[in-house]
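Comments concern the structure below.
In the text below, chain A, chain B and the rest are named by the order of the sequence lines, each starting its count at 1.
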2 protein chains.
Amino acid sequence: MRKVSESTVRRLSLYLRFLEQSLVHGLTTISSGDLARRGGTTSAQVRKDLSSFGSFGKRGLGYSVPQLATRIRDILGLGRAYRVVLVGAGKIGGALVHYEGFRQRGFQIGAIYDRDPKKVGSRWNGVVVRDVKRLEADLTKEPSDIAIVTTPAESAQAVVDALVAAGVPAILNFAPVPLDVPAGVFLKHVNMALELEALSYALANR
Amino acid sequence: MRKVSESTVRRLSLYLRFLEQSLVHGLTTISSGDLARRGGTTSAQVRKDLSSFGSFGKRGLGYSVPQLATRIRDILGLGRAYRVVLVGAGKIGGALVHYEGFRQRGFQIGAIYDRDPKKVGSRWNGVVVRDVKRLEADLTKEPSDIAIVTTPAESAQAVVDALVAAGVPAILNFAPVPLDVPAGVFLKHVNMALELEALSYALANR
DNA sequence: TTCTGTGAATAGGTTCACAGCT
DNA sequence: AGCTGTGAACCTATTCACAGAA
């Protein structure tokens, strides 16, 4: 397996969604051109993306929908469930807890943490909110694969430090602040204000 | 001004954040190296990014913090307020309505739309939720620069079609579905499941 | 001396184009 | 004929390295 770019991984996720839809519609075979149209790219790109991982298609025919879906799910590591902890029981945290798309894909929110004593003890979508003080101790007993950080900017780095200390290998950050993690820990940001600013730039310079 | 990449625009937003913080801390001058450290990039990258728009620095010294902040705000088109409409008064929509980061940057949510009669008429952070049927008519009277779509996947394309028909030039989509817009309309996606899948890939292939 | 601004070099990602299966 | 798989060409973005201003 050769080195694969971030963009390729993103596109694989999109292909997988389309494959799953196609499966529901009873399609058995699909061409790179079909996948391209839906993923907003070109057929050559689709084939290149897939070829990094092997040859899954049949020349003259295309790809088997269920086979390719399984293969991509495998590549993306979606063949298993992930235990996710969420730190920060605010508005965004609440939205994420109730977001069905996560659970559907095997991302199970197993614990929620907050600093606010008024929130601690309440139930969010069946999960009890715990005091963030327990975060490190809990993670030692119940290791998590992924943490989602939805705290205010000020607390985010401290939370991330605790997560890293407790051995959490992957973090998705919604706090609008750049964070430091040691090498070997995977960190991704979702920054909604940034996206709006990109639109603002586009509008200002059209 | 030469052509500027998406990544450059994203980095400019990050530089701006750091500049604003530095301003609060009373700094008057900053070097490309300082900006780089905070933006997770290199000093050469920072200088290249800025040089697409002009020469704002002083050799041997660096950049004036307030001047550069103003200049970037200008470049990004943040010198003005934007009227934003939000379509989809669900959990994510609710989180966005209350997100202070938007208003701080001049993105003002002026109207919220939903299909659910139970939600229509209620107040969200001071804004009354309207029936989505009124969307096009309202937009004709009160044009908006940006729309944020947080509907379920099924309704997103229809909503976007209405937005485009009503002349909205920029759309930020949170629905987990690819959308079609005509050329000239700016469309950006925020796909949280996709980000988790990128982490899943990283974990599976480390 | 310090730090910017920028051409030149390098690396990385995308598209082309075509040989080779089915 | 249709569609994949892939080297080669192309294009875009990042890094290097250095001349020049403060």
Side-chain angles (χ1 to χ4, degrees), chain A residues 1-15 18-19 22 27-72 75 194 198 201-202 205, chain B residues 1-15 18-19 22 27-72 75 194 198 201-202 205:
Chain A
M1 194 196 89
R2 82 192 68 146
K3 211 180 123 284
V4 168
S5 73
E6 179 82 21
S7 354
T8 292
V9 174
R10 296 182 72 84
R11 283 192 299 265
L12 287 177
S13 293
L14 295 174
Y15 304 157
F18 186 40
L19 286 166
S22 305
L27 256 81
T28 56
T29 267
I30 200 167
S31 73
S32 55
D34 297 335
L35 283 166
R37 225 160 296 131
R38 198 62 167 238
T41 179
T42 66
S43 63
Q45 182 74 79
V46 171
R47 295 198 299 277
K48 258 275 148 64
D49 285 341
L50 296 174
S51 78
S52 322
F53 299 97
S55 317
F56 313 128
K58 281 200 172 38
R59 297 174 189 225
L61 236 169
Y63 302 87
S64 148
V65 173
Q67 267 174 38
L68 186 57
T70 303
R71 199 65 195 78
I72 293 181
I75 291 166
L194 215 71
Y201 172 81
N205 297 278
Chain B
M1 192 195 90
R2 83 192 67 147
K3 212 182 118 284
V4 168
S5 73
E6 179 83 20
S7 353
T8 293
V9 174
R10 296 182 70 84
R11 284 192 299 265
L12 288 177
S13 292
L14 295 174
Y15 304 156
F18 186 39
L19 285 166
S22 304
L27 256 81
T28 56
T29 267
I30 199 167
S31 74
S32 56
D34 296 335
L35 282 166
R37 225 162 295 129
R38 198 61 167 238
T41 179
T42 65
S43 63
Q45 182 74 78
V46 172
R47 295 197 299 278
K48 258 276 148 63
D49 286 341
L50 296 176
S51 78
S52 321
F53 300 96
S55 317
F56 314 127
K58 281 198 173 38
R59 299 179 185 220
L61 234 170
Y63 302 86
S64 149
V65 173
Q67 268 173 36
L68 186 57
T70 303
R71 198 68 194 76
I72 293 181
I75 291 166
L194 215 72
Y201 172 81
N205 297 277

inquiry  = In whole Å, I'd like the distance from the CG atom of L35(A) to the P atom of dG5(D).
reply    = 12 Å
query = According to a strict under-4.0 Å criterion, is Q45(A) in side-chain N/O contact with OP1 or OP2 of dT15(C)?
reply = yes
V65(A) side chain reached by T28(A) side chain, heavy atoms, under 4.5 Å = no
key: All pairs passing side chain to side chain donor-acceptor pair (under 3.5 Å) where residues 35-53 of chain B contributes a residue, at least two apart   = T8(B)-D49(B), R11(B)-D49(B), Y15(B)-D49(B), Q21(B)-R38(B), S32(B)-R47(B), D34(B)-R37(B), S43(B)-R47(B), Q45(B)-D49(B)
inquiry  = Taking the minimum atom-to-atom distance to the side chain of R47(A), which one of dG5(D), dT6(C), dC3(D) wins?
reply    = dG5(D)
Rounded distance [0.5 Å steps], CD1 in I30(A) versus CG in L19(A) = 5.5 Å
Whole-Å distance separating the CD atom of E6(B) from the C1' atom of dT14(C) = 17 Å
message = Nearest whole Å is fine: how far is dC11(D) P from K3(B) NZ?
response = 12 Å
task = Indicate the atoms forming the closest heavy-atom contact of S13(A) with L194(B), along with that distance.
result = CB-CD1, 3.1 Å
key: Integer-rounded Å distance: dC3(D) C1' and R37(A) CZ   = 13 Å
ask   = Can you tell me how far the CD atom of E6(B) sits from the OH atom of Y201(A), to the nearest 0.5 Å?
value = 10.0 Å
query = Atom CG of D49(B) to atom P of dT6(C): distance rounded to whole Å?
reply = 13 Å
ask   = Hey, what do you get for CD1 (I75(A)) to CG (N205(B)), rounding to the nearest 0.5 Å?
value = 8.5 Å
request  = Output yes when at least one side-chain N/O atom of S5(A) is less than 4.0 Å from OP1 or OP2 of dG12(C), else no.
outcome  = no
query = Which residues within residues 54-61 of chain B lie with some heavy atom under 4.0 Å of an atom in DNA chain C?
reply = S55(B), F56(B), G57(B), K58(B), R59(B), G60(B), L61(B)
message = Less than 4.0 angstrom between a side-chain N/O of S32(B) and OP1 or OP2 of dT4(C), yes or no?
response = yes
message = How many whole angstroms separate atom CZ of F53(B) from atom C1' of dG5(C)?
response = 15 Å
task = Indicate the atoms forming the closest heavy-atom contact of Y63(A) with F56(A), along with that distance.
result = CD2-C, 3.8 Å
query = Can a side chain N or O of Y63(B) be found less than 4.0 Å away from OP1 or OP2 on dG5(C)?
reply = yes
task = Find the distance Y15(A):OH to dT4(D):P and express it as a whole number of Å.
result = 12 Å
key: Short side-chain N/O contact to dT14(D) OP1/OP2 from R11(B), under 4.0 Å   = yes
inquiry  = Can you identify which nucleotide, out of dA17(C), dT4(D), dG5(D), has its nearest atom closest to the S51(A) side chain?
reply    = dG5(D)
message = Nearest whole Å is fine: how far is dC3(C) C1' from L50(B) CG?
response = 13 Å
ask   = Side-chain donor or acceptor of K48(A) under 3.5 Å from a matching atom on the base of dT15(C)?
value = yes
